Amino acid sequence: MSDQLIIFDTTLRDGEQSPGASMTRDEKLRIARQLERLKVDVIEAGFAASSNGDFEAVQLVANNIKDSTVCSLARANDRDISRAAQALKGARRARIHTFIATSALHMEKKLRMTPDEVYAQAQLAVRFARNLVSDVEFSPEDGYRSDPDFLCRVIEAVIKEGAGTINVPDTVGYAIPELYGEFIRSLRERIPNSDKAIWSVHCHNDLGMAVANSLAGVKIGGARQVECTINGLGERAGNCSLEEVVMAVKTRRDYFGLDMGIDTRHILAASRMVSQTTGFVVQPNKAVVGANAFAHASGIHQDGVLKARDTYEIMRAEDVGWSANKIVLGKLSGRNAFKQRLLELGVQLDSETEINAAFARFKELADRKSEIFDEDILALVSDESVSQAQEQFAFVSLSQHSETGERPQAAIVFTAAGREVSAKSEGNGPVDASLKAIESHVKSGAEMVLYSVNAISGSTESQGEVTVRLQNSGRVVNGTGADPDIVVASAKAYLSALNKLQSKADRVAAQG
Ligand code: KIV
Ligand code: ZN
């Protein structure tokens with residue numbers, strides 16, 4: 001059996017199914033580029049048949065990503081599979097991932113199909129997909145809760161039709177590590193042609209065991225592909241987290257004995273990019289990528305780490321992208337130093353114009369903030385105002401007044417379609433007043449479903465990073481903004497969300 005573990009990232013498909021996490025095509029491409037830098041083997045870019053937006057996003061990723069295989073999900077029918085193949089046409093390496101539910105519950109209640117019908121449809125789907133691409137993956141949805149005898153029949157048939165990867169999803173996060181591992185091992189033992197396919201695990205985190213279950217699927221079951229998402233993003237409690245599963249296999253190579261192609265130094269930048277894009281904040285005590293993951297607060301621990309790092313550290317922070325050198329740049333830093341730092345942080349800006357715009361913002365920030373941390377730089381380049389030139393709304397300036405016992409007031413200037421607009425309002429607080437001032441002119445009618453402020457680095461001198469999630473006519477969009485003044489950051493985030501609401505064609509619908 002191979003000692004190589006394939007990392008299949010589904011942040012852009014299963015991760016995006018998380019309510020409120022939908023991404024634009026450009027956001028998907030940006031994350032896909034970071035996943036390519038991370039050297040993930042397979043990027044599941046979306047579900048091409050689910051909407052025109054998702055089709056275009058898969059197509060954009062397929063046309064631009066060269067080093068990773070690009071995959072599209074497809075239900076087990078000709079239309080979905082044809083759409084997936086069409087979207088993947090430009091890919092250097094393309095995979096179609098087709099699925100159909102096999103548990104009695106799903107077949108009866110959801111699909112209203114008999115097991116024999118499901119069996120036949122799975123077979124036909126894989127045959128059809130194999131006529132379009134050579135790399136086909138099959139998933140029996142709700143596989144872990146399926147009857148093992150029936151599952152064996154279906155899997156044997158789809159391997160005969162040429163499915164090269166068999167993925168066994170724990171769709172509802174019901175599995176227990178040993179049981180899931182044994183389940184996969186027994187399928188592999190019972191299915192006569194099981195050695196003709198690579199086995200894959202896909203675990204949801206409803207009971208908090210997605211990573212443990214995936215690792216058991218690898219160790220006990222012999223799976224050689226793990227499906228996972230950055231930050232464990234995904235519906236309900238999310239998916240298996242890429243950073244945790246990868247670092248577990250790497251740190252405990254003595255136990256797993258497996259190699260991966262992943263360049264772990266890009267993990268942190270990927271985590272921040274996904275968090276900033278979706279507005280799903282990473283909890284401070286999250287393994288590997290949380291702000292406290294490598295912080296030693298107690299005196300005993302600090303003393304130990306200073307004497308010998310391995311007293312309390314099982315991984316090196318630098319290996320996952322944390323910089324030992326926290327204060328990186330300042331007011332006197334030049335464009336080259338800035339560009340170099342972006343490279344080290346894994347950020348690729350596409351044109352000199354984008355670099356110049358980001359550098360101008362860096363200089364502006366350095367005038368107001370004496371120490372510029374990596375976190376500030378990442379926020380700065382993810383701040384959509386870098387590319388606001390083409391956007392409908394762009395922030396210009398803001399003033400606000402608040403005093404104990406008085407109702408706060410704000411006056412804002414922003415551009416709408418290139419024309420400068422001024423608006424004023426009162427509100428419950430300065431943020432509320434500022435957003436009401438914007439809304440008094442824009443009249444979007446959107447409902448705010450999330451407002452969150454996060455301090456990017458430790459002190460009160462920190463930039464505030466604000467996420468605003470707006471909902472309008474069934475569409476949910478996230479806007480982010482960063483600034484040392486959180487009222488300004490809030491206004492920028494609101495304008496960025498309004499820009500996304502405006503660009504209707506650009507939205508990607510989650511899986512239906
Ligand atoms: O969780 C699941 O079952 C899935 C399949 C579509 C692979 O995401
Ligand atoms: Zn899933």
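Keep in mind the model is a prediction, meaning the values are calculated, not measured. First listed ligand is number 1; within each ligand, the first listed atom is number 1.
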Self-check item: Intermediate values then yes/no, salt bridge (charged side-chain N to carboxylate O under 4.0 Å, His left out), R83 and D80
Solution: CA-CA 5 Å; R83 287 291 278 169; D80 269 32; over 6 Å; no

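- Among residues two or more places apart in sequence or in another chain, the salt bridge (charged side-chain N to carboxylate O under 4.0 Å, His left out) test is passed with R469 by none.
- Note on ligand 1: E227 sits outside its first shell, no heavy atom being nearer than 4.0 Å.
- R253 has a carboxylate O that lies under 4.0 Å from a charged side-chain N of D259, or vice versa, which qualifies the two as a salt bridge.
- Residue D14 has at least one heavy-atom neighbour below 4.0 Å for each of these atoms of ligand 1: 8 (O).
- Within ligand 1, counting atoms from 1 as listed, the ones closer than 4.0 Å to a heavy atom of E141 are 3 (O).
- Of the candidates E44, R13, H202, R13 brings a heavy atom nearest to atom 6 (C) of ligand 1.
- A287 and A293 get closest at one heavy-atom pair: C-CB, 4.5 Å.
- Here is the list of ligand 1 atoms found below 4.0 Å of a heavy atom in H97: 7 (C).
- Remark: R153 is positioned above the aromatic ring of Y119, its terminal NZ or CZ atom under 6.0 angstrom from the ring centre and at most 45 degrees off the axis.
- Between D263 and K39, no side-chain nitrogen of the basic residue sits less than 4.0 Å from a carboxylate oxygen of the acidic one, so the salt-bridge criterion is not met.
- Annotation: Y144 is in aromatic contact with F183 [ring centroid separation under 6.0 Å].
- Among all heavy-atom pairs drawn from V468 and Y494, the shortest one is CG1-CD1, 4.0 Å.
- Residue contacts with ligand 1 do not include Q17, since none of its heavy atoms lies under 4.0 Å from the ligand.
- Taking every heavy atom of H204 and a limit of under 4.0 angstrom, the matching atoms of ligand 1 come to 1 (O).
- H202 pairs with exactly one of D14, T171, D170 by the side-chain hydrogen bond (donor to acceptor under 3.5 Å, both in side chains) rule, that one being D14.
- Excluding water, every protein N/O/S atom under 2.8 Å from the Zn ion (ligand 2) is given here by residue and atom: D14 OD2, H202 NE2, H204 NE2.
- For ligand 1, the polar-atom distance check against T171 finds a nitrogen or oxygen pair separated by under 3.5 Å.
- Using a 4.0 Å cut-off between charged side-chain N and carboxylate O, E156 and K196 make no salt bridge.
- The shortest N or O to N or O distance between S139 and ligand 1 is not under 3.5 Å.
- Considering backbone and side-chain atoms together, D142 places no N or O closer than 3.5 Å to any N or O of ligand 1.
- Under a 4.0 Å criterion applied to the non-hydrogen atoms of P169, ligand 1 contributes the atoms 2 (C), 3 (O).
- For the residue pair C71 and V42, the shortest heavy atom distance occurs at CB-CG1, 3.8 Å.
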